[in-house]
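Taking it in order: structure first as structure tokens, then the write-up.
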Amino acid sequence: MEIRDFEWDDENRGHLMRRHPDIETEEVEEVFTSDPPPYIDRKAKYGRWRALGTTNHGRYLLVIFEYKGSGIIRPITAKPMDLAEKREYRKKGR
């Protein structure tokens, strides 16, 4: 999945701030642009995708997002990974 751009507006920024005010939108974007790339699967509800990845400062985040096509994703929410999610991420070779 190629990621070229992110769709942010008041709704998804507000949702992120209400749920996890310590996570910045820039960190969410870093999950998709960092090396190694995130592990992405379709385990989320409503046809949404789930990404497990790290920020540039090594913070482990889980991001739920919608793929809009043409390389555009719309982040829905994000949270710090729990221990099981970190194990899964590492198991996938990240």
Side-chain angles (χ1 to χ4, degrees):
M1 177 181 297
E2 178 187 5
I3 308 300
R4 294 187 355 216
D5 204 1
F6 300 88
E7 182 180 285
W8 290 104
D9 58 26
D10 291 342
E11 184 179 335
N12 60 348
R13 276 190 188 99
H15 187 263
L16 179 62
M17 289 302 295
R18 284 189 303 277
R19 301 281 308 246
H20 295 283
D22 61 323
I23 299 176
E24 301 289 333
T25 57
E26 292 81 11
E27 289 181 292
V28 172
E29 293 181 8
E30 288 173 5
V31 166
F32 295 94
T33 60
S34 67
D35 188 32
Y39 169 67
I40 296 174
D41 68 11
R42 192 115 188 204
K43 286 191 174 182
K45 295 179 182 179
Y46 312 113
R48 292 177 175 160
W49 296 80
R50 181 183 77 140
L52 300 173
T54 57
T55 68
N56 293 343
H57 293 290
R59 189 173 184 190
Y60 290 83
L61 295 180
L62 179 149
V63 179
I64 302 297
F65 67 98
E66 294 175 342
Y67 183 69
K68 303 302 249 180
S70 301
I72 298 171
I73 67 165
R74 177 181 174 77
I76 304 300
T77 194
K79 72 173 193 80
M81 282 189 222
D82 62 27
L83 290 176
E85 291 158 345
K86 284 182 185 177
R87 277 194 296 274
E88 179 182 3
Y89 177 71
R90 291 180 183 132
K91 185 178 177 181
K92 300 297 182 184
R94 302 302 200 267

Next on the checklist: The criterion is side chain to side chain donor-acceptor pair (under 3.5 Å); which residues satisfy it with Asp5, sequence neighbours excluded?
Outcome noted: none
Checklist entry - Would you call the rings of Phe65 and Phe32 parallel, tilted or perpendicular, where under 30° means parallel and over 60° means perpendicular? => result perpendicular
Next on the checklist: As a quick check of understanding, evaluate side chain to side chain contact (heavy atoms under 4.5 Å, CB included) for Ile23 and Arg59, giving each step before the final call.
Outcome noted: CA-CA 10 Å; Ile23 299 176; Arg59 189 173 184 190; 3.7 Å; yes
Checklist entry - Which is it for Leu62 and Tyr89 under the side chain to side chain contact (heavy atoms under 4.5 Å, CB included) test, yes or no, and what are the steps along the way? => result CA-CA 10 Å; Leu62 179 149; Tyr89 177 71; over 6 Å; no
Checklist entry - Roughly how far, to the nearest 0.5 Å, is the CE atom of Met81 from the OG1 atom of Thr54? => result 7.0 Å
Next on the checklist: I need the Thr25 OG1 to Glu30 CD distance, nearest 0.5 Å.
Outcome noted: 9.5 Å
Checklist outcome for this item: Closest non-hydrogen atoms of Asn56 and Ser34, given as atom of the first, atom of the second and distance, are OD1-CB, 4.0 Å
Next on the checklist: I'd like to know if the side chain of Glu27 reaches the main chain of Thr55, judged simply by a donor and an acceptor atom lying under 3.5 Å from each other, with no hydrogens or angles considered.
Outcome noted: no
Item to check | Axial cation check for Tyr67 ring with Arg42, 6.0 Å and 45° limits | outcome: no
Checklist entry - Would a 4.5 Å heavy-atom cut-off, applied to side chains only, mark Val28 and Trp8 as touching? => result yes
Checklist entry - Closest approach of Ala51 and Ile40, non-hydrogen atoms and distance? => result CB-CG1, 4.0 Å
Without placing hydrogens or testing angles, list every side-chain donor-acceptor pair under 3.5 Å for residues 73-80, not counting sequence neighbours.
unit_1: Arg74; atom_1: NH1; unit_2: Glu7; atom_2: OE2; d: 3.1
unit_1: Arg74; atom_1: NH1; unit_2: Asp9; atom_2: OD2; d: 3.0
unit_1: Arg74; atom_1: NH2; unit_2: Asp9; atom_2: OD1; d: 3.2
unit_1: Arg74; atom_1: NH2; unit_2: Asp9; atom_2: OD2; d: 3.2
unit_1: Lys79; atom_1: NZ; unit_2: Glu85; atom_2: OE1; d: 2.8
unit_1: Lys79; atom_1: NZ; unit_2: Glu85; atom_2: OE2; d: 3.4

Checklist entry - Could you state the interatomic distance from CG (Leu52) to NZ (Lys86), rounded to the nearest 0.5 Å? => result 12.0 Å
Next on the checklist: Can you tell me if Arg19 has over 12 outside heavy atoms packed within less than 6.0 Å of its CZ?
Outcome noted: no
Item to check | From Ile64 atom CD1 to Tyr46 atom OH, the distance as rounded to the nearest 0.5 Å | outcome: 11.5 Å
Item to check | Gap between atom CD of Glu29 and atom CZ of Phe6 - 0.5 Å precision | outcome: 4.5 Å
Checklist entry - Yes or no on salt bridge (Lys or Arg N to Asp or Glu O under 4.0 Å) for Lys92 and Asp41, after CA distance, side-chain angles and deciding distance? => result CA-CA 11 Å; Lys92 300 297 182 184; Asp41 68 11; over 6 Å; no
